[in-house]
Amino acid sequence: MTNNLFVYNTLTRKKERFEPINPPFVGLYACGPTVYGDAHLGHARQAITFDVLFRYLQYLGYKVRYVRNITDVGHLENDADEGEDKIQKKARLESLEPMEVVQHYMNRYRLNMDALNVLNPSIEPRASGHIIEQQELIDKIIEAGFAYEVNGSVYFDVNAYNANHPYGQLSGRKVEDLLSNTRELDGQSEKRNALDFALWKKADQSHIMRWSSKWSDGYPGWHLECSAMSTKYLGMQFDIHGGGMDLLFPHHECEIAQNVAGYGKPAVRYWMHNNMITTNGQKMGRSLGNFITLDQLFAGEHPLLEQAYSPMVIRFFILQAHYRSTLDFSNDALQASEKGLTRLLNAVAALDNIQPSGASSLDVDALAEQCNKAMEDDINTAKLVGHLLGGIPQINKLAEGRDSIAEKELEKLKNLYHTWISTVLGLEQQEAPGKTSEIIGDLISLILQLRDDAKSSRDFETADRIRNKLTSLGITVKDRKDGADWEIS
RNA sequence: GGUCGGUUUGCCGAGUGGCUAGGCGCCGGUCUGCAAAACCGGUUACAGCGGUUCGAAUCCGCUACCGACCUCCA
């Protein structure tokens, strides 16, 4: 299988031709969410970026296994309080089972993803379901001499590793620089080196999520899951690993180190990272508290929002920018996207009304070529969308009969738009159900008001015509003393 | 402080040496009882300074400003 796809590899900082290790199969892994809160716009960007990549690779003919993990271990620790009251502590412990929290936010995440028309990954593994695999990897890393145990916890030995392997390659850092800039944090005393990171942590009394191991009752370090699960489902070496840019260091850096230390070689051929969404130029993030959740966007319920934005508008907004650029959130930008998307989808709908006739003045092949080139150049959806929008005046001309197109060309044109917009970009005509029913209600009220006016002026012919037509549509009109009521049967 | 990236027309946002990106907005037009919508057309910018070049938003240097990562974060 051949392609001209070039992707930007964070590891080499260059665009490289995409050549799968084992065509026609492609292994794709992307870091999913940590499910301790609702997904926000940034999660949408990550998911949509790799959803489009997943779709596009399939469009190119590859058999893709897409693994997107759920992090449900490692971030639920509650390590505040020392001298807490016993009763209060117990209450806290009983208030929520951690897996309840996980289930709750995982369900909500999936609902959000469905709304955004993000396809389900092939496999969606959870860290808590792969404790054994993670422990096995720890064993391997210890055996190889790159980890050590202290008081029931196991740490990765960055110094030992860095002696023969470059630690910091992906994020472009040097161990010396990192060392001189690392803050001294509490609880690092067990580590031999400030850069060392936990592979296994011994759970203290208050820690609820714990598993038994040869080292201690404890829980895995959060970098470990991706190494263990990607290896399990995609093999020791696979094609693409994706995630947000903020995961570059330390998460992905540690992942590489774990793979090399435990399995002897790096797993990933191409590292791809999507950039951040910003608000007023600042990164949107949970810890910064400046994020807008997807549910808030869909409902329009947030102080920063002037209106609700449908999931498809969000999707289109994200696709109008290249995934490696920062994208600034604003109402103006989203409203512009909303109008642009409507224009695009209307044009697609208009395609079906075009009758083929005579010769073609439109060069469909040229447009197809432009679209292909845009995507081949590191998944440039912004450019692709530009080309698709650029073809709209031509489509409108045809739809209005101001131009002609041969049948064969018309089929190509329809196919082109449907393929890119629906299949690859995942943009679908979508109605907001709540809003629609609200409008229908208002609409019927208006019609009944007109009927009342007709009755008042003794124009019973019109009044009956309205009632009969409504009845035939399944809407029963019920005349009452003070106006009319209605019911959908 | 270290490392990396960015600064594009009113707003958003593509673009790596010569060729109109695109969307929104705005202006004009078609249509229309009026308006709106829709459609058509117009709207030529690249932080500053210097350099390379026949030619630079695009390459190089300096300056200014912004951001990301360096700690959990898509």
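Since the model is a prediction, treat every value here as computed from it, not as a measurement. The figures that follow rest on heavy atoms only: side chains count, while hydrogens, waters and symmetry mates do not. Residue numbering restarts at 1 for every chain, and letters A, B, ... go by the order of the sequence lines.
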Any ion pair linking A/K373 and A/E376 (charged N to carboxylate O, less than 4.0 Å)? no
Specify the separation, in whole Å, of atom CG of A/D246 and atom P of B/C69. 6 Å
Taking the P atom in each of B/A68 and B/C62, what is the distance between them to the nearest angstrom? 24 Å
I want to verify a distance call: between B/C69, B/A74, B/A14, whose nearest atom is closest to the A/F249 side chain? B/C69
How many whole angstroms separate atom CE of A/M245 from atom P of B/C70? 14 Å
Measuring only the C1' atom in each nucleotide, how far is B/C31 from B/G67? A whole number of Å is fine. 48 Å
What are the two closest heavy atoms between A/Y29 and A/S230, and how far apart are they? CD1-CB, 3.6 Å
Report yes if a side-chain nitrogen or oxygen of A/K339 is closer than 4.0 Å to either non-bridging phosphate oxygen (OP1 or OP2) of B/G25; otherwise report no. yes
Counting only heavy atoms from other residues, nucleotides and ligands, does the tally under 6.0 Å from CG of A/D352 exceed 12? yes
Across the strands shown, which category fits A/G244 at heavy-atom distances under 4.0 angstrom: base, sugar-phosphate, nothing? sugar-phosphate
Interatomic distance, A/Y105 OH vs B/A74 C1' [rounded to whole Å]: 17 Å
Distance between P atoms of B/G6 and B/C60 (Å, rounded): 11 Å
Please work out if A/L248 contacts a base, only the sugar-phosphate, or nothing of the nucleic acid, heavy-atom cut-off 4.0 Å. nothing
What is the distance, rounded to the nearest whole Å, between atom CG of A/L345 and atom C1' of B/A38? 16 Å
Remember a base hit wins even if backbone is also touched, and classify A/R324 as base, sugar-phosphate or nothing at under 4.0 Å, heavy atoms. nothing
Look at the side chain of A/E253 and the backbone N and O of A/S171, then say whether any donor-acceptor pair between them is shorter than 3.5 Å. yes
Is it the case that the side chains of A/E16 and A/T12 hold a donor-acceptor pair, with the cut-off being a distance below 3.5 Å and no angle test? yes
Starting from C1' on B/A38, measure out to CD on A/E400 and report it in whole angstrom. 8 Å
Please give the distance between the C1' atoms of B/A14 and B/C70 as a whole number of Å. 31 Å
Reading 5' to 3' and counting Watson-Crick or G-U wobble pairs with both distances under 3.5 Å, write the dot-bracket notation for RNA chain B, | for bases paired outside the strand. (((((((..(((.....[...)))((((((.......))))))...(((((..]....))))))))))))....
Side chain of A/D72, backbone of A/V102: donor and acceptor closer than 3.5 Å? no
Nearest-nucleotide pick for A/P250, side chain only, options being B/C70, B/G15, B/C40: B/C70
Lys/Arg cation over aromatic A/Y8: A/R324, 6.0 Å, 45° cone: yes
Any salt bridge between A/K15 and A/D378, counting N to O under 4.0 Å? no
Using modelled atom types only, decide if a donor and an acceptor are shared between the side chain of A/N193 and the backbone of A/V158 within a distance under 3.5 Å. no
Does A/H40 reach a base, just sugar-phosphate, or nothing at all? Heavy atoms under 4.0 Å. base
Six-ring centre of A/Y233, A/R65 cation under 6.0 angstrom, axis tolerance 45°: no
Using the C1' atom in both, what is the distance from B/G1 to B/C11, to the nearest Å? 36 Å
d(CG, A/L319; P, B/A14) in whole Å: 12 Å
If you assign each of A/H43 and A/K15 to its closest nucleotide in RNA chain B, which residue comes earlier from the 5' end? A/K15
Pick the P atom in B/G25 and in B/A37, then give their distance to the nearest Å. 9 Å
Quick one: which of A/N274, A/D246, A/D51 gives a side-chain contact (heavy atoms from CB on, under 4.5 Å) with A/Q46? A/N274
Is the closest side-chain donor-acceptor distance between A/E400 and A/N396 under 3.5 Å? no
Sugar-phosphate only, base, or nothing, as touched by A/G281 at under 4.0 Å among non-hydrogen atoms: sugar-phosphate
Classify the side-chain pair A/S325/A/N275 by whether it contains a donor and acceptor separated by less than 3.5 Å. no
Side-chain (A/T49) to main-chain (A/Y323) donor-acceptor, under 3.5 angstrom: no
Under 4.0 Å, heavy atoms only, any strand: does A/N396 hit a base, just the sugar-phosphate, or nothing? sugar-phosphate
Taking B/C59 as the reference, what is the distance to B/C54 when you measure between their C1' atoms (whole Å, please)? 16 Å
Would you kindly give the CD-to-P distance between A/Q282 and B/C69, to the nearest whole Å? 9 Å
Where do N or O atoms of nucleotides 3-13 of chain B meet protein N or O atoms at under 3.5 Å, pair by pair?
unit_1: B/U3; atom_1: O2'; unit_2: A/G172; atom_2: O; d: 3.1
unit_1: B/G13; atom_1: OP1; unit_2: A/D328; atom_2: N; d: 2.9
unit_1: B/G13; atom_1: O2'; unit_2: A/Q320; atom_2: O; d: 3.4

Separation of the P atoms in B/U7 and B/C12, to the nearest angstrom: 12 Å
A/R402 side-chain proximity, nearest of B/A74, B/C70, B/C39: B/C39
Using a cut-off of 4.0 Å on non-hydrogen atoms, how would the nucleic acid contact of A/Q335 be classed: base, sugar-phosphate, or nothing? nothing
For nucleotides 43-48 of chain B, tabulate all protein N/O to nucleotide N/O atom pairs closer than 3.5 Å, reporting atom names and distance.
none

Rounded to whole Å, CD of A/Q394 lies from P of B/G22 at a distance of 15 Å
